[in-house]
A.B. asks: 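Right, I'll just put the structure down here and ask away after.
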Amino acid sequence: MHLIETMNTGFFFLAPWLVLAPVIGLLVNAVFGRQLSEKWIGAVASLASGTAFVVSVLLAYSVAVNHGHAVSVPFAEWIHIGDLKLDWTFRVDSLSTTMMLVVSGVGTLIHIYAIGYMHEDVRFKHQEGRFARFFIFLNLFIAAMMILVSGDSYLMLFVGWEGVGLCSFLLIGFWFEMDTLARPSWANSDAAKKAFITNRVGDFGFLIAGFLMFWYLGRSFQFDDVFAAAPAIAETQRWVIIAITLFMLLGVAGKSAQIPLYVWLPDAMAGPTPVSALIHAATMVTAGVYLVARSAPIYTLVPEAQYIVAMVGAMTALFAATIAVGQYDIKKVLAYSTISQLGFMVAAVGMGAFVAGMFHLVTHAFFKALLFLSAGSVILGLERGHHAHAHHAHHEERHKVRGKRKEEREHEEHKEVFDPGDMRNMGGLRKTMPVTFWLYMIGTLALAGIFPFAGFWSKDEILLDANLHYTSVYWQLTIAAFFTAFYMGRQIWMVFFGEARSDAAKSAQESPKVMTVPLMVLAGLSVVGGALNLPFEGFHHLGHWLGYTLGEVEGLPLNLQVAGISTVLALLAIFISWLIYGRNPLKDHQSDPLKRPLGFVFTGMENKWFVDEGYGVLIITPFKKLSQFLAEVIDWRFWHDFVHDTVIAGTYNWLSEVVLNRYADQKGIDTFFNSWGSFTQWLSGNVRKIQNGFVRSYALSVLLGVVLILGYLILK
Amino acid sequence: MNTELIVFLVLSLVAIVTAIVMLLHRNPVYSALFLVLNFIAVAVFYLLLGAPFIAMAQITVYAGAIMVLFLFVIMLLGAERLPDAKVLRLQRPLAYGLAIVLAAETIYLLFTKAGSNLVVTTPDASLNTMESLREIAMELFNRFLLPFEVTSILLLVAMIGAIVLSKREKGEPK
Amino acid sequence: MVPIEYYIILSVILFSIGVAGVVFRRNPLVIFMSIELMLNAANLAFVAFSSVLKSFEGQIFVFFVIAVAAAEVAVGLALIVEIFKSKRTIDVDQLNSMKE
């Protein structure tokens, strides 16, 4: 009917469906999950996410039709206090639609992938009933993420921010009663708690930034109001803007896993692999980058804060990249890689290269999701091989563990348990899992920044900007890029080349189509994703598109020097990795060849530079001791035992015993009432005698009454 | 001192003395007989006061009917002398005291509050006894007809009551 | 010529004697007689006033009183007889319970 008209004006009214569709999906699965088969559960969840993607596409189209003007779609009233009106309004502009497309697009692919992945995962862990729960959480995450990216105020952004944090917690702890090897343990729960608590530190920063913003910048959380008020404040009270940006940086560091709060992300790999791909690589962790990009008008006011942001990003990029070199777990490598790449993005947005940061965000979402999902495919392939290879007996045994007593269970745990995620158990998988191998290769090349894959263009743009702004950042990022290529090369050689180092790897099996097809789509995007924003005149599509929101940015032309250095370094790194890992494939139980030449440096890389241990000594142990002290000494002994029991309760008891009971109550009140009782008894005893049944005495009373009345009349 | 006063005082003395004897005599038969004397004395007062009808009613109803009834009952129940009181020993002195106080109070009130100068005159001989009887009859059957009839019903009820009370129940031993 | 007060005083004295009898005698028959005496005393006062006020209403009242007294004596004596039949005594001090 009005389709033509709508085609011209836009589909902005559809914006609430970004959130409603996944919410409906999760409700359907929550209510009917027990009745539906796995296929239907997956279909419902994927359809919900897919609907959000379609809506995102329509909204992006609408923004384009609307010449890039931001449109606010009011949805619900939330808080109205006096003049303060905090409503749930969707903001549809080029920046938010970009995020929507990434979230729902990658999210939908991961949903589909997860149908196959979780089908096997729940069976390996003997918890088939949790299939629906997983998709409920995934839909919930999509909904929360959509709230985050579509909110038109910092408050709604924060709602989504906390929502995705919750989903992250739920999904990291999805296998909450076991560790990553399905042994009974609370390791996964601890990882979930670690992620949650670390994010609280960041959220604290975000909250403080929000309060400052509200207080000083126009008494509003609306983006437009805040941005409008910011320049004037920056003139008069510069420290306010600096404080806001730096506190916000703390929030970014928490959510986007930057120094010093990145420690939760590697542990978050405890969640199922689709979760690692969706939440902890492609979407949620980029929320911090989005936040900075969204707050671009504030950050550009204070270059010193921008510099700090850029430095934090660059340091994180380099630091995490070095750790990734020393990891053996396939997902841990990717986790540190993610931290490193997030460092690239944060550095980019910190330098004011918002387009470059967002560009890398998008391409990274493609290839890192691809890598994670492929890694999941590898892990499942090994798991399959492990099960196929006459490990039934061993497995049965492990299955029985639940019922056993604790000591026995601990004893069992000491047994060697096959770890399908350990790269030392892999090798030669390119023959057994060819599809996954090629997909992984594409992802690796994209991540390593090899021409012409997507990662090359986006990373190069960041380096270009860094070269223009801060030399130190540029060099840190370049070295980080070198390490990136190196550890990815190492991973490829260790996983797919050489000889199989375990029986499971020998009999590994390729994954089903439901998993590989989404990967192919992601692989395609990883190849051509760079076309979004080519560094040639007239090809800055993304820059132009985001320019609607962030202000028109001059697209940088290709700098052959920068591109050349990074490409050469990447190729060199891959070559070196071949020299070390590819030429002489790792043997079974052989330690890493880098261990001897690098010595303690490699030990540091292997052990994540002992950051967790350092935090343990510096923060957690004192914190625990302080808690212990507060709980035992202050709260229990002093406050409870002494103040409450001795001082308050004791005094009260003493008072009530001595003063009230002994004097007031027993002596005073009791005596009073007992006397009343005795008096009444005495009186009734005497009065009773009057009612003696003798008619003559009654007659006498009547006579007495007459006499008295007459006497009264006389005396009156 | 005129004769009327002397007659009055003498009759008063008779009435009071008979009343006191009635009160104090331990034998109820004597009490009843002295009460009859008292009633007769009062009846004479009625005559002195010009109320011959009431005087006759007093003689016939009280002295005649009621007191005979009393005597019958006394005879029926045996004119026993009750043993000395075991309880309420203070009853008698208290009764005396209070009765005297009552009389004193009433008389005091009479002289202090009422204070009239009315004097009872002897009915003159011209007053026809039958005339006054006629007057009473006229009053009784005109103005007080309803109370009169109610009184007759009252007497009827009393009669039935007395019969019912005295009647032996069926099967009750004689 | 006798002042009306004398009659009233006589009435009061007789009444008081009756009161004393009601209060301290234990024989219900004598108590009844005392009540009659009190009624009589009241009647005397009525008639005295009737005579002084030259009105028959006092006398008519006395007439009613006599009728009521007759009824009262009839019922009262029947009751006494009944009580004697069940209790075998007429001492009012023995009659201090509501039932047998």
Side-chain angles (χ1 to χ4, degrees), chain B residues 2 4-5 8 12 15-16 19-20 22-23 28 31-32 35 38-39 42 45-46 49-51 53-54 57 61-62 65-66 69-70 73-74 76-77 82 85 87-88 91-92 95-96 99 102-103 106-107 110 116 118-121 135-136 139-140 144 147 151 154-155 158-159 161-162 165-166, chain C residues 1-10 12-27 29-30 32-34 36-37 40-41 43-44 47-48 50-53 56-57 59-60 62-64 66-75 77-82 84 90-91 93:
Chain B
N2 52 34
E4 287 179 20
L5 192 58
F8 174 82
S12 301
I16 291 167
I20 289 172
M22 183 277 294
L23 177 70
S31 293
L35 188 60
N38 177 276
F39 284 164
V42 173
F45 277 121
Y46 291 161
L49 288 166
F53 169 69
I54 296 299
V61 177
Y62 264 129
I66 293 180
L69 201 53
F70 266 104
V73 174
I74 291 166
L76 185 68
L77 301 183
L82 293 171
V87 292
L88 305 175
Q91 198 77 5
R92 183 182 278 252
Y96 290 155
L102 180 66
T106 316
I107 293 165
L110 192 67
S116 74
L118 294 173
V119 171
V120 177
T121 50
E135 289 288 322
I136 289 174
E139 284 282 294
L140 208 52
F144 297 101
T151 308
L154 175 71
L155 287 168
M159 189 171 73
L165 281 171
S166 315
Chain C
M1 306 297 273
V2 181
I4 181 74
E5 281 87 358
Y6 287 19
Y7 281 99
I8 304 304
I9 289 167
L10 177 62
V12 166
I13 289 168
L14 291 177
F15 186 88
S16 299
I17 292 167
V19 165
V22 167
V23 172
F24 83 80
R25 288 306 295 256
R26 283 183 293 146
N27 191 324
L29 291 160
V30 180
F32 253 102
M33 292 180 211
S34 301
E36 300 305 325
L37 185 61
N40 233 10
N43 287 351
L44 183 59
V47 176
S50 164
S51 171
V52 168
L53 297 171
F56 288 110
E57 286 168 4
Q59 293 187 28
I60 286 167
V62 169
F63 172 77
F64 285 127
I66 289 170
V68 169
E72 172 223 335
V73 165
V75 177
L77 288 176
L79 279 170
I80 288 168
V81 171
E82 277 300 304
F84 179 76
I90 51 170
D91 186 351
D93 281 358

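Proteins come first, then strands; the chains are lettered A, B, ... in the order of their sequence lines, and each starts at number 1.
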A.B. asks: Which atom pair, heavy atoms only, marks the closest approach of Ala162(B) to Ala74(C)?
C.D. replies: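 That would be CB-O, 3.9 Å.
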A.B. asks: Side-chain contact, heavy-atom cut-off 4.5 Å: Val12(C) with Leu110(B)?
C.D. replies: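 A side-chain contact is absent here, since even the closest heavy-atom pair is not under 4.5 Å.
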A.B. asks: How far does CD1 of Ile60(C) sit from CZ of Phe53(B), to the nearest 0.5 angstrom?
C.D. replies: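 CZ of Phe53(B) is found 9.0 Å from CD1 of Ile60(C).
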A.B. asks: Checking Ile16(B) against chain C: side chain, backbone, both or neither under 4.5 Å from a heavy atom?
C.D. replies: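 For Ile16(B), backbone and side chain are both near chain C.
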A.B. asks: Below 4.5 Å, heavy atoms only, C-beta onward: do Leu69(B) and Leu77(C) meet side chain to side chain?
C.D. replies: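 Side chain of Leu69(B) against side chain of Leu77(C), heavy atoms only: contact under 4.5 Å found.
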A.B. asks: By a 4.5 Å heavy-atom criterion (distance strictly below it), what part of Val22(C) contacts chain B: side chain, backbone, both, or neither?
C.D. replies: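 For Val22(C), no heavy atom lies under 4.5 Å from chain B.
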A.B. asks: Nearest 0.5 Å, what's the CG-CG distance between Leu76(B) and Leu29(C)?
C.D. replies: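 The distance works out to 10.0 Å.
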A.B. asks: What are the two closest non-hydrogen atoms of Gly50(B) and Gln59(C), and how far apart are they?
C.D. replies: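 So the two residues come closest at O-NE2, 3.6 Å.
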A.B. asks: For the side chain of Gln91(B) and the backbone of Val23(C), is there at least one donor-acceptor N/O pair under 3.5 Å apart?
C.D. replies: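 Answer holds: yes.
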A.B. asks: Would you please classify the geometry between the Tyr6(C) ring and the Phe8(B) ring as parallel, tilted or perpendicular, with 30° and 60° separating the classes?
C.D. replies: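 Rings of Phe8(B) and Tyr6(C): tilted, 30 to 60°.
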A.B. asks: Under 4.5 Å heavy-atom distance to chain B, tell me which part of Ala69(C) shows up: side chain, backbone, both or neither.
C.D. replies: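 Answer is both: backbone and side chain atoms of Ala69(C) are under 4.5 Å from chain B.
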A.B. asks: Grab the two heavy atoms, one from Val30(C) and one from Pro28(B), that are nearest each other, plus how far apart they are.
C.D. replies: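 What the structure gives for the nearest pair is CG2-CB, 4.1 Å.
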A.B. asks: Considering only heavy atoms, which portion of Glu36(C) lies under 4.5 Å from any heavy atom of chain B: side chain, backbone, both, or neither?
C.D. replies: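 The answer is both parts of Glu36(C).
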A.B. asks: Is Ala65(B) close to chain C through its backbone or its side chain, or both, or neither, when contacts mean heavy atoms under 4.5 Å?
C.D. replies: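 Answer is neither: Ala65(B) stays 4.5 Å or more from chain C.
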A.B. asks: Given that the side chain runs from C-beta out, which part of Phe144(B) has a heavy atom under 4.5 Å from chain C: side chain, backbone, both or neither?
C.D. replies: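 For Phe144(B), the contact with chain C is made by backbone and side chain together.
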A.B. asks: If I take atom CD1 from residue Ile107(B) and atom OG from residue Ser16(C), how far apart are they, to the nearest 0.5 angstrom?
C.D. replies: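 Spacing of CD1 (Ile107(B)) from OG (Ser16(C)) equals 7.0 Å.
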A.B. asks: Which heavy atom of Leu140(B) sits nearest to which heavy atom of Phe63(C), and what is that distance?
C.D. replies: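 It is CD2-CE2, 3.8 Å.
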A.B. asks: Taking atom CD1 of Ile20(B) and atom CG of Leu37(C), what is their separation to the nearest 0.5 Å?
C.D. replies: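 CG of Leu37(C) is found 10.0 Å from CD1 of Ile20(B).
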A.B. asks: Below 4.5 Å, heavy atoms only, C-beta onward: do Asn38(B) and Leu14(C) meet side chain to side chain?
C.D. replies: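 They are in contact (side-chain heavy atoms under 4.5 Å apart), so the answer is yes.
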A.B. asks: Less than 4.5 Å apart, side chain to side chain, heavy atoms only: is that true for Val47(C) and Phe45(B)?
C.D. replies: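 Val47(C) does not reach Phe45(B) side chain to side chain.
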A.B. asks: Working to the nearest 0.5 Å, report the span between CD of Glu139(B) and CZ of Phe56(C).
C.D. replies: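 Going from CD on Glu139(B) over to CZ on Phe56(C), the span is 8.0 Å.
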A.B. asks: Check whether any side-chain heavy atom of Leu102(B) sits under 4.5 Å from a side-chain heavy atom of Val19(C), and report yes or no.
C.D. replies: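 Side-chain contact under 4.5 Å: yes.
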A.B. asks: Against chain B, label Ile13(C) side chain, backbone, both or neither, depending on which of its atoms sit under 4.5 Å from a heavy atom there.
C.D. replies: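 Side chain of Ile13(C) only, per the 4.5 Å heavy-atom cut-off to chain B.
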A.B. asks: For Ser12(B), is it the side chain, the backbone, both or neither that has a heavy atom under 4.5 Å from a heavy atom of chain C?
C.D. replies: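 Interface part for Ser12(B): both.
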A.B. asks: Distance check, rounded to the nearest 0.5 Å: Ile74(B) atom CD1 versus Ile80(C) atom CD1?
C.D. replies: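 Going from CD1 on Ile74(B) over to CD1 on Ile80(C), the span is 9.5 Å.
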A.B. asks: For the pair Leu44(C) and Leu49(B), evaluate side-chain contact (heavy atoms from CB on, under 4.5 Å) and give the outcome as yes or no after the intermediate values.
C.D. replies: CA-CA 9 Å; Leu44(C) 183 59; Leu49(B) 288 166; 4.3 Å; yes
A.B. asks: What option among Ala15(B), Gly161(B), Pro147(B), Ala57(B) has the most heavy-atom pairs under 4.5 Å with chain C?
C.D. replies: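 Among Ala15(B), Gly161(B), Pro147(B), Ala57(B), the one with the most close pairs to chain C is Pro147(B).
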A.B. asks: Is Phe15(C) in contact with chain B via its backbone, its side chain, both, or neither, using a 4.5 Å heavy-atom distance?
C.D. replies: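 Phe15(C) touches chain B through side-chain heavy atoms alone.
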A.B. asks: Report which part of Leu10(C) has an atom under 4.5 Å of a heavy atom belonging to chain B: side chain, backbone, both, or neither.
C.D. replies: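 Just its side chain gets close to chain B.
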A.B. asks: Taking all heavy atoms of Ile66(B) and all of Ala70(C), pick out the closest pair and write down the distance.
C.D. replies: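 Scanning both residues completely, I find the closest heavy atoms to be CD1-CA, 3.8 Å.
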A.B. asks: Can you give me the closest heavy-atom contact between Arg25(C) and Met22(B), atom names plus distance?
C.D. replies: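 Result for this residue pair: NH1-O, 3.9 Å.
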A.B. asks: Can you tell me which portion of Ile136(B) sits under 4.5 Å from chain C's heavy atoms? Options are side chain, backbone, both or neither.
C.D. replies: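 Both backbone and side chain.
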A.B. asks: Answer with side chain, backbone, both or neither: which region of Val75(C) has an atom nearer than 4.5 Å to a non-hydrogen atom of chain B?
C.D. replies: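 Both backbone and side chain.
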